[in-house]
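What follows is a set of notes on a single structure, which appears directly below.
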Amino acid sequence: MPAEGFDPLYQSSDEADLPRELLGSVQRHRQHLTALVGSLRAAGLPEELIDASVRQLVDSYGVELSAALRALRKDLAHV
Amino acid sequence: MFDAMLHDEEGRLSALQRLDALDTPPEEPFEKIVNLLRTVLSVPMATVTLVERDRQWFKAQRGMPTQETPRSISFCTHTIQEREALVVTDARLDPRFAQSPLVTGAPYIRSYAGIPLRTPDGYNIGALCAIDTKSRTFSAADIAILTNLASIIMDELELRLIAGRDHLTGALTRRGFVEEAEKELARYARKKPPGALALLDIDHFKAINDNHGHPAGDQVLRQLAEVCGAEMRPTDSFGRIGGEEFALLLPDVDAPGALAVAERFRSMIEAHPFDIGGGQTLKVTASFGVAPIEPCVTSVDAWLAAADACLYRAKRDGRNRTRLAVCDGGAGGT
């Protein structure tokens, strides 16, 4: 699970807590991951490979997102 | 239809610079993507390529013999001229590529599929590429996978841009730091609070890279950022301004206070054992230039320049020391 327990693949109430700057990014990323799953299935790849691949991408994005959240919170603390 | 964005080379290069993604060490998210692409498309080579004015640089790559090539021989310079995929089934039969050294010599490219990496404002800053050493076609499903992965790459790059954060050290990027300094200047214009900006540069950093390798240099950069981050107040900002140059923004601190803070940071860096792996530690020092905010500081560039002049003095005076600017051009320090 990505840091801070936020999984960008799934829509949840967590999004209500996201800064506006990040919400659009999360939504776009979810759309792109969903489209990727579709195209990997269309290419006939095994489900296990698809699951493992998407999980890696979700984790990478989750780490970046957590770091972005920290940075933005620090910015907010300056205001 | 004429697409003006595809012909705005200066705008494209500015968009690429804003991403602050060039000449970095390998980064995990992009390494994962080229690995995945190579697996799912069964190609020997995959790249995340950024196209600068005169070169293509591989942000991540598998199977290529080099980290960059001249742009003039690249496939990607053609890919970024389009909105759609560029597919070459046999490069030997394509007059654009038949004489390219990448085709006539290593890595002997025969087929290529590239999708532009497009910023939200419409600039193609590079391409995601699947490359083979044999002639082949790429199916619609292959192109769809490439397209989706290219979008995911841009998600990652844009997220970093939003955060204004340097991936290696976690410090603010230059852009992010400048934004913070601009806020401080604006606050100064309204209320005239004290404040200071310190630049620090790691002494003999090139020798660290040369003698111990770039991974060791990266460790030093990361740990230096940690040392400074642990010592900062919540209201301070810390940014990576250049390769081994960092900046510290100190709101509500007067000149003597800023000099004392910089000295404390310098001493902490000097005392810290930098772990570079393999049981080895390095002694590292840094030089500091400190510029208090003054009426003569009218822009962030001027503020950085004042601090940089003092940093230069600190280097010239023997390194591992701090110099303080004053508005009349003099400099004190320790």
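Note: hydrogens, waters and symmetry copies are ignored here, and every other heavy atom, side chains too, is used. The chains referred to below are lettered A, B, ... by the order of the sequence lines, with proteins before strands, and numbering in each begins at 1.
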Next item on the list: Could you grab the distance from atom CG of Asp59(A) to atom CD of Glu28(B), nearest 0.5 Å is fine?
Entry: 9.0 Å
Item checked: Nearest-0.5 Å distance, NZ of residue Lys32(B) to CD of residue Gln56(A) -> 5.0 Å
Check: Of all of Pro120(B), Ala144(B), Ser139(B), Ala140(B), which one pairs up most often with chain A through heavy atoms under 4.5 Å apart?
Finding: Ala144(B)
Item checked: Closest contact, heavy atoms only, Pro29(B) versus Ser60(A) -> CA-OG, 3.8 Å
Next item on the list: Give, for atom CD1 of Ile152(B) and atom CD of Gln31(A), the distance between the pair rounded to the nearest 0.5 Å.
Entry: 11.5 Å
Check: Are side-chain heavy atoms of Leu22(A) and Leu159(B) found at a separation under 4.5 Å?
Finding: yes
Checklist line | Heavy-atom proximity to chain B below 4.5 Å, by part of Leu36(A) | finding: both
Next item on the list: Taking atom CD of Glu84(B) as the centre, report whether more than 12 heavy atoms of other residues, nucleotides or ligands fall under 6.0 Å from it.
Entry: no
Notebook entry, point to check: Using non-hydrogen atoms only, which part of Leu36(B) is less than 4.5 Å away from chain A: side chain, backbone, both, or neither?
Noted result: side chain
Check: Quick check: are there more than 12 heavy atoms from other residues, nucleotides or ligands sitting under 6.0 Å from NZ of Lys191(B)?
Finding: no
Check: Rounded to the nearest 0.5 Å, how far does CG of Leu149(B) lie from CG of Leu40(A)?
Finding: 7.0 Å
Checklist line | Heavy-atom pair count under 4.5 Å with chain A, highest-scoring of Val40(B), Ile145(B), Asn35(B) | finding: Ile145(B)
Notebook entry, point to check: Can you tell me how far CG of Leu45(A) sits from OG1 of Thr39(B), rounded to the nearest 0.5 angstrom?
Noted result: 9.5 Å
Next item on the list: State, to 0.1 Å, how close Ala35(A) and Asn148(B) come at their nearest heavy-atom pair, and which atoms those are.
Entry: O-OD1, 3.1 Å
Notebook entry, point to check: Can you check whether His32(A) reaches Met154(B) side chain to side chain, under 4.5 Å on heavy atoms?
Noted result: no
Item checked: Proximity breakdown for Leu49(A) and chain B, heavy-atom pairs closer than 4.5 Å -> side chain
